[in-house]
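Take a look at the structure set out below.
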Amino acid sequence: MKVWVHAVGRMKAGPEKELADRYLDRFAKSGGPLGLDFGGVTEIAESRARDVDERRREEADRLRAQLAPGTALILLDERGKNLSSQQFSDKIAAIRDAGQRGVMIAIGGPDGHDEALRAEAQMLISFGAATWPHQMVRIMLGEQLYRAATILSGHPYHRA
């Protein structure tokens, strides 16, 4: 199963990007044998529409345009479910084992996700009640994907 990350906003060069890339590279190397093939990160620019709802709709439409048939959609959303690392890895494995061709995990822009897109998503996940900068969310997602691969493979990186 292919695993893609979709992000509204671009990450500039610097230590945050290096750390996010390091975790995503680790995931790419460790996920393959588990049937989790990393498809990469797609970045789109924030919408420039004047209205918040229109910005969300435009960003959602751009995400939908990249969503291949048979791909599950997971949104990172402040109103989502706060999962443990074990629960996150179990969800990724369940999507894979259900025969989905892929999963796209989407990081929204500053205005969040469109309500219609939220309704279409298979799952909404939160990294806690706090608001996190985009760069930190990208790092945390990369680390959790790598951690999921280590949990599923029985690697000692994750110790509960």
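These values consider heavy atoms only, across backbone and side chains, with no hydrogens, waters or symmetry-generated copies.
Between His134 and Pro110, every side-chain heavy-atom pair lies at or beyond the 4.5 Å cut-off. Looking at heavy atoms from C-beta onward, Met123 lies in side-chain contact with Leu83 at the 4.5 angstrom threshold. The closest side-chain heavy-atom distance from Leu145 to Ile105 is below 4.5 Å. Ser85 places a side-chain heavy atom less than 4.5 Å from the side chain of Ile151. When side chains are defined from C-beta on, Lys81 does not count as touching Ile125, because their heavy atoms never get closer than 4.5 Å. Looking at heavy atoms from C-beta onward, Leu124 lies out of side-chain contact with Arg79 at the 4.5 angstrom threshold. In this structure, the side chains of Arg138 and Val41 come closer than 4.5 Å at one or more pairs of heavy atoms. Counting heavy atoms from C-beta outward, Val103 and Met1 have side chains that approach closer than 4.5 Å.
A chain of hydrophobic side-chain contacts below 4.5 Å, direct or via other Ile, Leu, Val, Met, Phe, Trp or Tyr residues, connects Ile107 to Phe27. Hydrophobic clustering of Ile, Leu, Val, Met, Phe, Trp and Tyr side chains at less than 4.5 Å, counting indirect connections, keeps Ile44 apart from Val52.
Not a single side chain to side chain donor-acceptor pair (under 3.5 Å) links Glu16 to another residue, sequence neighbours left out.
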_Audit row: Asp25, Phe38, side chain to side chain contact (heavy atoms under 4.5 Å, CB included) steps and yes/no_ = CA-CA 9 Å; Asp25 184 56; Phe38 185 51; over 6 Å; no
*asked:* Leu76 vs Val137, test: side chain to side chain contact (heavy atoms under 4.5 Å, CB included). Steps then yes/no.
replied: CA-CA 9 Å; Leu76 296 182; Val137 172; 3.7 Å; yes
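Nearest heavy-atom pair across Ser126 and Gly80 is CB-O, 3.5 Å. A pairwise comparison of heavy atoms in Ala93 and Leu152 identifies CB-CD2, 3.8 Å as the closest pair. Annotation for Gly142 and Leu24: closest pair CA-CD2, 3.6 Å, computed over non-hydrogen atoms. The two atoms that bring Gln144 and Phe88 nearest to each other are O-CE2, 3.6 Å, heavy atoms only. Of all heavy-atom pairs between Leu34 and Ser30, the closest is CD1-O, 3.7 Å.
Between the side chains of Thr71 and Gln100, no donor-acceptor pair of N or O atoms lies under 3.5 Å.
Here the straight-line distance linking atom CG of Leu141 with atom CZ of Arg147 works out to 13.0 Å at 0.5 Å rounding. The structure places OH of Tyr146 at 10.5 Å from NZ of Lys29, a figure rounded to the nearest 0.5 Å. For the atom pair CD1 of Ile139 and CZ of Phe127, the computed distance is 11.5 Å after rounding to the nearest 0.5 Å. Here the CG-CZ distance, from Asp51 to Arg57, works out to 6.5 Å after rounding to the nearest 0.5 Å. Rounding to the nearest 0.5 Å gives a distance of 9.5 Å between CD of Gln122 and CD of Glu120. A distance of 10.0 Å separates NE2 in His113 from CD in Glu78, rounded to the nearest 0.5 Å.
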Output a table of donor-acceptor pairs, distance under 3.5 Å, between side-chain atoms of residues 4-15 and any protein atom two or more places apart or on a different chain; print 'none' if there are none.
unit_1	atom_1	unit_2	atom_2	d
His6	ND1	Gln66	OE1	3.4
Arg10	NH1	Glu43	O	3.1

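Between Lys17 and Asp21 a salt bridge is recorded (basic side-chain N to carboxylate O distance below 4.0 Å). We find that Arg118 and Glu115 are joined by a salt bridge, their nearest charged nitrogen and carboxylate oxygen being less than 4.0 Å apart. One finds a salt bridge joining Arg55 and Asp111 here, because a Lys/Arg side-chain nitrogen approaches an Asp/Glu carboxylate oxygen to under 4.0 Å. Look at Arg56 and Glu59 and you find no salt bridge, because none of the NZ, NE, NH1 or NH2 atoms lies under 4.0 Å from a carboxylate O.
Of the residues listed (Ile74, Leu75, Thr42, Leu63), the one engaging Met104 in a side-chain contact (heavy atoms from CB on, under 4.5 Å) is Leu63, and it is the only one.
By the 6.0 Å contact criterion, CZ on Arg64 is enclosed, its count of non-hydrogen atoms from other residues, nucleotides or ligands being greater than 12.
Under a 3.5 Å cut-off, the side chain of Arg62 and the backbone N or O of Ala45 do form a donor-acceptor pair.
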